[in-house]
Amino acid sequence: MSSGPLALNFSEANSSEIFAQRLPQSNDKRLPQALAAVVMHLHQVIRELRPTPADWRNVIAFLTDVGHASDERRQEWVLLSDLFGASALVEEINSRRPKGATPNTVRGPFFRADAPELPSGSDISLDGIGERLEVFACVRDLDGHPIAAAEVITWQANAEGFYENQQPDLQPEFNLRGIFRADEEGGFCYRTVKPSGYRVPDDGPVGKLLRQAGYPLCRPAHLHFIVRAPGFETITTHVYDASDPHLGEDAIFGVKEALVREFKRLDGKGAPVWRLDFTFVMARARQGADA
């Protein structure tokens with residue numbers, strides 16, 4: 001612990017400096033430096049907003065509520081990070097890719113790692129509710145070569161804008177979720193239903209806070225994907241419906257022009273059937289970086 005003239009004289013002017021002085025010197029300086037930076041900015045916000053003790057207790061109560069709202073089916077902390085733009089910013093910093101590669105977006109709070117692996121052509125809509133959507137996709141490298149056996153995880157909201165793990169009593173287990181393997185030509189396909197855009201859940205503390213602040217909580221219609229292959233950077237991304245009116249105000253800042261596609265209506269009688277075509281372009285993993 002450092003000692004010095006500031007150690008006994010905590011004040012508004014030097015609060016963050018005193019905190020930084022008390023951090024131990026270490027060969028691994030990343031954690032102490034990160035803590036010092038976070039506290040410096042936190043103290044600056046407090047100095048700017050000048051909250052009362054009651055105001056600060058409300059902040060603590062909000063953070064407590066976020067923790068209580070998180071469980072194995074709902075991750076309110078991820079939602080907080082996403083809606084504050086923190087998740088999107090971390091992705092931007094860490095997933096810069098060559099021109100032409102499919103960009104990353106945030107994974108979101110409704111991902112499940114235990115989705116079933118299915119053969120290409122399967123129907124992931126287990127209740128059949130909604131307008132039919134046929135997805136045809138392929139996985140290629142930056143030179144256009146197919147990436148055989150690439151693993152593709154997909155999940156989405158239903159036609160009413162709800163994920164299966166939001167409605168465990170209304171939707172079948174693993175509804176609108178699946179894992180596929182690209183064939184020798186890098187292709188795969190599956191059947192599903194056309195997803196709806198939705199409002200970010202505002203029944204929890206994060207949604208209530210932003211709703212009270214007047215922040216738009218819309219998410220345009222989209223499909224989620226994670227694409228993995230040995231030797232390549234993993235893609236975590238969305239594909240957005242070009243017709244959705246809320247593309248310009250996505251609550252988690254995920255929309256990029258390269259990820260917007262037309263969902264084409266197929267000719268035919270009866271209920272509408274739609275088709276989506278998309279190519280995922282993977283970049284080679286950088287040496288020393290995680291694939």
Side-chain angles (χ1 to χ4, degrees), residues 99-106 108 110 115 118-142 144-148 150-164 171 175-199 218-227 235-282:
K99 183 178 181 180
T102 301
N104 263 23
T105 60
V106 301
F110 301 112
L118 303 169
S120 186
S122 295
D123 191 343
I124 65 172
S125 176
L126 303 183
D127 57 14
I129 299 174
E131 297 180 356
R132 306 305 299 172
L133 172 65
E134 299 177 359
V135 178
F136 293 85
C138 60
V139 185
R140 303 195 179 280
D141 65 17
L142 283 164
H145 300 133
I147 302 177
E151 178 189 66
V152 182
I153 306 172
T154 187
W155 70 102
Q156 64 174 86
N158 67 7
E160 296 180 349
F162 293 99
Y163 293 84
E164 158 262 1
Q171 294 189 46
N175 192 37
L176 303 174
R177 298 177 185 272
I179 301 175
F180 297 94
R181 297 280 174 180
D183 61 23
E184 292 183 357
E185 298 300 320
F188 68 95
C189 64
Y190 64 93
R191 290 171 290 158
T192 182
V193 295
K194 193 170 184 281
S196 172
Y198 55 86
R199 283 180 60 83
C218 299
R219 291 233 61 209
H222 59 274
L223 308 174
H224 291 266
F225 295 94
I226 295 176
V227 186
I235 297 171
T236 301
T237 198
H238 301 48
V239 177
Y240 293 89
D241 182 351
S243 68
D244 194 289
H246 298 293
L247 289 172
E249 54 182 22
D250 180 20
I252 67 169
F253 312 95
V255 176
K256 301 176 187 293
E257 289 184 10
L259 302 177
V260 178
R261 287 292 186 276
E262 179 185 359
F263 288 30
K264 297 179 180 179
R265 183 167 177 173
L266 302 178
D267 293 333
K269 298 179 180 180
V273 178
W274 303 83
R275 173 170 173 144
L276 169 65
D277 293 271
F278 194 83
T279 298
F280 297 95
V281 181
M282 305 191 79

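We're numbering straight along the sequence, starting at 1. Because only heavy atoms are used, hydrogens play no part in the values below, and waters and symmetry mates are left out as well, while side chains stay in.
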Whether His222 and Tyr240 hold their rings parallel, tilted or perpendicular, with breakpoints at 30° and 60°: tilted
Side-chain touch Trp155/Ile226, heavy atoms, less than 4.5 angstrom: yes
Value rounded to 0.5 Å, distance of CG in Asp250 from SG in Cys218: 9.5 Å
Inter-residue atom distance Glu151.CD - Ile179.CD1, 0.5 Å rounding: 5.5 Å
Near-ring test Tyr198/Tyr163, centroid separation under 6.0 angstrom: yes
Side-chain touch Asp141/Val281, heavy atoms, less than 4.5 angstrom: no
Where Glu184 and Ala148 come nearest, the two heavy atoms and their spacing: CA-CB, 3.8 Å
Reported CE-to-CD1 distance for the pair Met282 and Ile147, which is rounded to 0.5 angstrom: 5.5 Å
Test item: Gln171 side-chain N/O and Phe162 main-chain N/O as donor-acceptor pair under 3.5 Å: yes
Test log, rule side-chain contact (heavy atoms from CB on, under 4.5 Å), inputs Leu118 and Phe188: CA-CA 11 Å; Leu118 303 169; Phe188 68 95; over 6 Å; no
Phe278 vs Leu223, side-chain contact (heavy atoms from CB on, under 4.5 Å): CA-CA, chis, key distance, verdict: CA-CA 11 Å; Phe278 194 83; Leu223 308 174; over 6 Å; no
Minimum heavy-atom distance between Ala157 and Pro195, given as atom pair plus value: O-CB, 3.6 Å
Straight-line distance of Thr154 OG1 to His238 NE2, nearest 0.5 Å: 10.5 Å
Least distance between heavy atoms, Ser196 atom then Ala159 atom: CB-O, 3.1 Å
From CD (Glu160) to CD1 (Ile129), nearest 0.5 Å: 7.0 Å
Heavy-atom check, side chain of Ser120 versus side chain of Asp183, under 4.5 Å: no
Exercise: do Ser243 and Asp241 side chains pair donor with acceptor under 3.5 Å: yes
From Phe263 atom CZ to Asp277 atom CG, the distance as rounded to the nearest 0.5 Å: 11.0 Å
Single hit among Gln156, Glu134, Arg132 for side-chain hydrogen bond (donor to acceptor under 3.5 Å, both in side chains) with Thr192: Gln156
Test log, rule side-chain contact (heavy atoms from CB on, under 4.5 Å), inputs Glu164 and Leu176: CA-CA 7 Å; Glu164 158 262 1; Leu176 303 174; over 6 Å; no
Closest approach of Pro220 to Leu247 (non-hydrogen atoms, all atoms of both residues): CB-CD2, 3.8 Å
Where Gly254 and Thr105 come nearest, the two heavy atoms and their spacing: O-CG2, 3.1 Å
Non-hydrogen side-chain atoms of Val239 and Phe225 separated by less than 4.5 Å: yes
Over all atoms of both residues, closest heavy-atom pair of Val193 and Ser125: CG1-OG, 3.5 Å
